[in-house]
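One structure is given below, encoded as C-alpha cells.
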Amino acid sequence: MKSFHLARAAAAALIGVVAMTGMSAHAEIKNYEFQLVQPTVKAGADRIVTVRLVDKTSGKAVPDAVIFSTRLDMAPDGMQEMATKVTPMPGTEPGTYRFKATFGMAGRWQLSLGAKVQGETGALENKLVVTAEQ
C-alpha cells in the first residue's frame, strides 16, 4: 500500500514539473517589441524602414512573426490624416522586417505594426516614430 502512495506521489510530482516547464517555455506577448534599426530616413519616395522584433527578456531577435497590420502616418506631428501606403519587403536577416514607403515631407512619422508571434497567444501592437529629414 505504501508503494502505491509513493508511486502516485511521484507521478503527481512529475506531472507538476512537466506542467511548470511547459508554462515557462513561452513568454508573454508583452515581452516582445519592435525596434527601429535606423530612426531616421530621407524624405522622398521608396524609402526603406527596417525594424527588429526583439524578445525583451533575452534581447534576441525573433524571426517568423506574421505582420498583419501596418500603417504609416504623421500622427506625432498632429497630422494623422496624412497617411501613406506601406509595402512589406523581405528581411535581410532573421528577426528583421522591412517596409517600403513614401515619406512625402520631412517630419515625424508613426509606423504602427500589428503582429502575431509564433507560439504566443494574443497580438503584438507597437507604434514607432521615424523621423524623415530633407
Side-chain angles (χ1 to χ4, degrees):
M1 190 71 164
K2 279 187 176 182
S3 64
F4 174 73
H5 289 299
L6 185 59
R8 199 166 160 190
L14 182 59
I15 290 170
V17 168
V18 169
M20 293 293 284
T21 303
M23 290 188 330
S24 65
H26 295 291
E28 294 184 34
I29 199 72
K30 68 180 180 180
N31 290 337
Y32 297 92
E33 71 177 0
F34 283 104
Q35 299 172 346
L36 288 168
V37 172
Q38 287 288 336
T40 60
V41 297
K42 285 278 207 194
D46 297 333
R47 302 300 183 206
I48 302 294
V49 176
T50 303
V51 298
R52 181 177 294 114
L53 179 58
V54 176
D55 179 341
K56 295 187 288 186
T57 59
S58 68
K60 293 182 179 179
V62 179
D64 304 324
V66 177
I67 298 176
F68 61 84
S69 173
T70 58
R71 179 176 168 84
L72 184 64
D73 61 39
M74 291 194 78
D77 286 342
M79 296 183 280
Q80 57 271 17
E81 67 281 351
M82 184 148 177
T84 190
K85 181 180 174 186
V86 179
T87 304
M89 305 290 291
T92 55
E93 50 189 82
T96 62
Y97 304 84
R98 299 172 61 215
F99 306 95
K100 181 170 64 172
T102 296
F103 291 82
M105 63 185 289
R108 294 178 301 156
W109 292 77
Q110 179 173 278
L111 177 61
S112 302
L113 299 171
K116 294 286 289 174
V117 177
Q118 299 295 322
E120 298 299 336
T121 305
L124 172 65
E125 294 181 21
N126 278 157
K127 296 180 186 309
L128 306 167
V129 176
V130 179
T131 302
E133 299 174 337
Q134 290 295 354

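Values below: every heavy atom of this structure, side chains too, minus hydrogens, waters and symmetry copies. Bear in mind the structure is a predicted one, so any value in this text is a computation, not a measurement.
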Looking at every non-hydrogen atom in both residues, tell me the closest pair between [X] and [Y] and how far apart they are.
X      : Y      : value
Ala61  : Gly95  : CB-CA, 4.0 Å
Ser112 : Gln110 : OG-NE2, 3.5 Å
Val117 : Leu53  : CG2-CD2, 4.1 Å
Gly107 : Met74  : CA-CE, 3.9 Å

From [atom1] ([X]) to [atom2] ([Y]), nearest 0.5 Å:
X      : Y      : atom1 : atom2 : answer
Lys56  : Glu28  : NZ    : CD    : 10.5 Å
Ile29  : Glu125 : CD1   : CD    : 10.0 Å
Met105 : Met82  : CE    : CE    : 5.5 Å

Please table the atom pairs, donor to acceptor, closer than 3.5 Å between any side-chain atom in residues 126-134 and protein atoms at least two apart or in another chain.
from   : atom 1 : to    : atom 2 : distance (Å)
Asn126 : OD1    : Phe34 : N      : 2.5

**Study point:** side chain to side chain donor-acceptor pair (under 3.5 Å) involving Gln38 - partner list, sequence neighbours excluded
**Key:**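 Partners of Gln38 under the side chain to side chain donor-acceptor pair (under 3.5 Å) test: none.
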Practice item. Apply side chain to side chain donor-acceptor pair (under 3.5 Å) to Gln35 and list each qualifying residue two or more places apart in sequence or on a separate chain. Key: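 Side chain to side chain donor-acceptor pair (under 3.5 Å) check on Gln35 returns Glu33.
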Exercise for review: Could you list all the ring pair (Phe, Tyr, Trp, His ring centres under 6.0 Å) pairs where at least one residue sits in residues 108-134, not counting sequence neighbours?
Suggested key: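 Ring pair (Phe, Tyr, Trp, His ring centres under 6.0 Å) check on residues 108-134 returns Phe103-Trp109.
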Exercise for review: Following the transitive rule for hydrophobic clusters with a side-chain heavy-atom cut-off under 4.5 Å over Ile, Leu, Val, Met, Phe, Trp and Tyr, establish whether Leu72 and Met79 coincide in one cluster.
Suggested key: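 Looking at the clustering, Met79 is in the same group as Leu72.
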Point to revise | Cluster overlap Val54 with Leu113, hydrophobic side-chain contacts below 4.5 Å | key: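 The answer is no; the residues belong to distinct hydrophobic clusters.
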Check your understanding: Sequence neighbours excluded, which residues qualify as salt bridge (Lys or Arg N to Asp or Glu O under 4.0 Å) partners of Lys42?
Key ->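 Result, salt bridge (Lys or Arg N to Asp or Glu O under 4.0 Å) vs Lys42: none returned.
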Check your understanding: Which residue pairs pass the side chain to side chain donor-acceptor pair (under 3.5 Å) test when at least one of the two sits in residues 62-71, sequence neighbours left out?
Key ->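 Counting only pairs at least two positions apart or across chains, the side chain to side chain donor-acceptor pair (under 3.5 Å) contacts touching residues 62-71 are Arg71-Asp73.
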Practice item. Please list all pairs passing the side chain to side chain donor-acceptor pair (under 3.5 Å) test where one or both residues lie in residues 80-102, with sequence neighbours left out. Key: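 Sorted pair list comes back empty.
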Exercise for review: Using a cut-off of 6.0 Å, state whether more than 12 heavy atoms not belonging to Arg52 lie near its atom CZ.
Suggested key: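 For Arg52, atom CZ is not crowded (no more than 12 foreign heavy atoms under 6.0 Å).
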Practice item. Applying side-chain contact (heavy atoms from CB on, under 4.5 Å), name anything that partners Ala123, two or more places apart in sequence or on another chain. Key: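 Here the qualifying residues are Phe68, Lys116.
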Check your understanding: Can you pull the salt bridge (charged side-chain N to carboxylate O under 4.0 Å, His left out) pairs that have at least one residue in residues 104-114, sequence neighbours excluded?
Key ->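 Non-adjacent pairs meeting salt bridge (charged side-chain N to carboxylate O under 4.0 Å, His left out): Asp77-Arg108.
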